[in-house]
J.: 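Below is a structure I'd like to ask you about.
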Amino acid sequence: MKKRDIIEVTDLNENEVRELFALAFRIKKNQAGYSAALKGKILAMIFQKPSTRTRVSFEAGMYQLGGEAINLSGTELQLSRGETIGDTANTLSGYVDAIMIRSTSDSDVDGLAVHGSVPVINGLSKSFHPCQALADLFTVCEKKGLDEKSVMDFDFSKVKLVFVGDSNNVSRSLLNLSGIIKYRFGIICPEKFMFSGAEFGAVKKVNQEIYSSSEIDPEYMKDADFIYTDVWASMGDESEEAERKKLFGRYQVNRELLDKAAPGVSVMHCLPARRGQEITDEVMDSSNSIVFPQAHNRMHLQKAILHFLLKGIK
Ligand code: CP
Ligand code: NVA
């Protein structure tokens with residue numbers, strides 16, 4: 001059987017995304033039933049950037065499935081001294097069953113997948129954060145009251161998620177996922193940091209219900225089910241922080257913005273948050289906020305990803 005990688009959500013088709021959500025529902029409900037599912041399997045995790053959620057949710061998830069995880073910081077690998085990504089991939093493939101990488105470079109993630117003979121999972125790159133987007137839509141499914149059965153034919157056009165913030169790795173994976181399961185996705189972002197027309201247009205070809213604007217239009221916001229935000233300057237963008245703070249200031253997710261949406265709107269954030277910048281304490285700690293269940297679902301959905309890649313989807 002040919003190995004599969006998850007470099008971006010587009011590595012999965014619609015049915016596989018639905019199956020993944022169904023499996024995550026089953027695993028979350030019946031943790032004990034999966035406690036030996038990946039017995040004897042080893043996941044290597046390479047971190048070239050900091051992480052709290054991805055690191056701990058993958059490691060704990062692997063243990064809960066009966067497997068093991070090895071955590072490697074970028075600096076302790078020979079990769080940091082010039083060993084090629086191909087040689088690293090070939091070597092690790094002989095020791096472990098899967099590799100997760102959080103990288104400073106998209107090409108290292110691609111290189112691991114091309115040269116490695118074991119599945120590679122992107123745990124965040126400059127361009128994409130597929131595990132985040134998949135876990136987020138799993139959280140949306142829970143919030144909509146779905147279960148392992150109903151998720152298989154749910155009409156995702158009933159979901160409207162508005163991302164207020166940067167066109168970054170997280171929003172790109174959310175955008176791309178909207179091209180697969182066809183939920184209504186909108187991004188509100190300063191012109192300068194908006195996705196290119198070509199990138200947006202490619203998804204629009206398959207999902208007409210996507211939207212982008214540099215204005216916060218109350219008409220568009222009023223039926224949002226989910227408002228999502230992320231930091232204005234991602235890891236690696238720190239040198240632009242001052243400029244970004246100025247341009248993004250009016251896009252803060254605060255009470256005034258929330259008031260434009262329905263009272264029951266849920267607020268999401270991939271975390272870590274810069275409280276007081278892209279989101280206020282008031283909103284983050286409000287009853288609208290689902291940021292912690294969202295963070296916790298990273299583990300359940302990633303357990304489903306690990307199961308899918310190492311043992312199959314059923
Ligand atoms: N959301 C997310 O990926 O968090 P970490 O950077 O803590 O892994
Ligand atoms: N966009 C953020 C996400 C962190 C999980 C970053 O890349 O820093």
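One-based numbering, in listed order, for ligands and for the atoms of each. Just so you know, residue 1 is the first one in the sequence shown, and it goes up from there.
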J.: Between the side chains of Asn176 and Glu8, does any donor sit under 3.5 Å from an acceptor?
T.: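 The criterion, which ignores hydrogens and geometry beyond distance, is satisfied for Glu8 and Asn176.
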
J.: For Lys28 and Asn297: C-alpha separation, side-chain torsions, deciding distance, then whether side chain to side chain donor-acceptor pair (under 3.5 Å) applies.
T.: CA-CA 9 Å; Lys28 187 170 176 177; Asn297 275 336; 2.8 Å; yes

J.: May I ask you to identify the nearest protein heavy atom to atom 3 (C) of ligand 2, giving residue, atom name and distance to one decimal place in Å?
T.: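 Looking at atom 3 (C) of ligand 2, the protein heavy atom closest to it is Asp230 OD2, 3.6 Å.
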
J.: Can you list the atoms of ligand 1 that are under 4.0 Å from a heavy atom of Thr52?
T.: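 By the 4.0 Å cutoff, the relevant atoms are 5 (P), 7 (O), 8 (O).
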
J.: Any N or O on Leu271 sitting closer than 3.5 Å to an N or O of ligand 1?
T.: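 N/O-N/O distance below 3.5 Å exists for this pair.
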
J.: Assert yes or no for the condition that the ring centre distance of Tyr220 to Tyr211 is strictly below 6.0 Å.
T.: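 Judged by ring-centre distance (under 6.0 Å), Tyr220 and Tyr211 do meet the cut-off.
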
J.: Return the closest protein heavy atom for atom 8 (O) of ligand 2 as residue, atom name and distance.
T.: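 Here the nearest protein heavy atom works out to Met235 N, 2.8 Å.
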
J.: Give yes if a backbone or side-chain nitrogen or oxygen of Cys270 is under 3.5 Å from a nitrogen or oxygen of ligand 1, and no if not.
T.: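 Yes - when backbone and side-chain N and O of Cys270 are compared with those of ligand 1, one distance drops under 3.5 Å.
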
J.: Do the ring centers of Phe138 and His300 come within less than 6.0 Å of each other?
T.: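 No, the ring of Phe138 stays outside the 6.0 Å limit from the ring of His300, centre to centre.
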
J.: Counting each atom of ligand 1 from 1 as listed, which ones have a heavy atom of His129 under 4.0 Å away?
T.: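 By the 4.0 Å cutoff, the relevant atoms are 2 (C), 3 (O).
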
J.: Just which atoms of ligand 2 are under 4.0 Å from any heavy atom in Asn168?
T.: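 Answer for ligand 2: 1 (N).
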
J.: So is there a nitrogen or oxygen of His129 less than 3.5 Å from a nitrogen or oxygen in ligand 2?
T.: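 For ligand 2, there is no N or O atom that lies under 3.5 Å from one belonging to His129.
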
J.: Going by the angle between their ring planes, with limits at 30° and 60°, are Tyr34 and His307 parallel, tilted or perpendicular?
T.: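 Perpendicular, since the angle between the ring planes exceeds 60°.
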
J.: Classify the ring geometry of Trp232 against Phe248: parallel below 30°, tilted from 30° to 60°, perpendicular beyond 60°.
T.: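 Plane angle under 30°, so parallel.
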
J.: Which protein heavy atom lies closest to atom 2 (C) of ligand 1, and at what distance to 0.1 Å?
T.: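 For atom 2 (C) of ligand 1, the nearest protein heavy atom is Arg298 NH1, 3.3 Å.
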
J.: How does Leu124 reach ligand 2, if at all, at less than 4.0 Å between non-hydrogen atoms: by side chain, backbone, both, or neither?
T.: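 Side chain only.
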
J.: Checking side-chain polar atoms at under 3.5 Å, does Arg255 have a donor or acceptor matched by the opposite partner on Thr280?
T.: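 Per modelled atom types, Arg255 and Thr280 side chains form no pair under 3.5 Å.
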
J.: Leu271: heavy atom below 4.0 Å from ligand 2, yes or no?
T.: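 Distance cut 4.0 Å: Leu271 passes for ligand 2.
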
J.: Suppose we measure from atom 4 (O) of ligand 1 to each protein heavy atom; which comes out shortest, and what is that distance?
T.: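 In this structure, atom 4 (O) of ligand 1 has Arg53 NE, 2.9 Å as its nearest protein heavy atom.
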
J.: Does the Gln294 side chain pair with the main chain of Asp136, one donor and one acceptor, at a distance under 3.5 Å?
T.: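 No.
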
J.: With no hydrogens and no angle check, is any side-chain donor or acceptor of Lys260 less than 3.5 Å from a backbone partner on Pro218?
T.: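 Judged by distance alone, no pair lies under 3.5 Å.
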
J.: Is it the case that ligand 2 has an N or O less than 3.5 angstrom from some N or O of Asn169?
T.: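 N/O-N/O distance under 3.5 Å: yes.
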
J.: Work out whether the distance between some heavy atom of Arg102 and some atom of ligand 1 is less than 4.0 Å.
T.: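 In this structure, Arg102 qualifies as a contact of ligand 1 - some heavy atom is under 4.0 Å.
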
J.: Any nitrogen or oxygen of Pro272 lying under 3.5 Å from a nitrogen or oxygen in ligand 2? Just yes or no.
T.: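 It does not: no N or O of Pro272 is found under 3.5 Å from an N or O of ligand 2.
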
J.: Between Ser178 (side chain only) and Lys182 (backbone N and O only), is there a donor and an acceptor less than 3.5 Å apart?
T.: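 Absent.
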
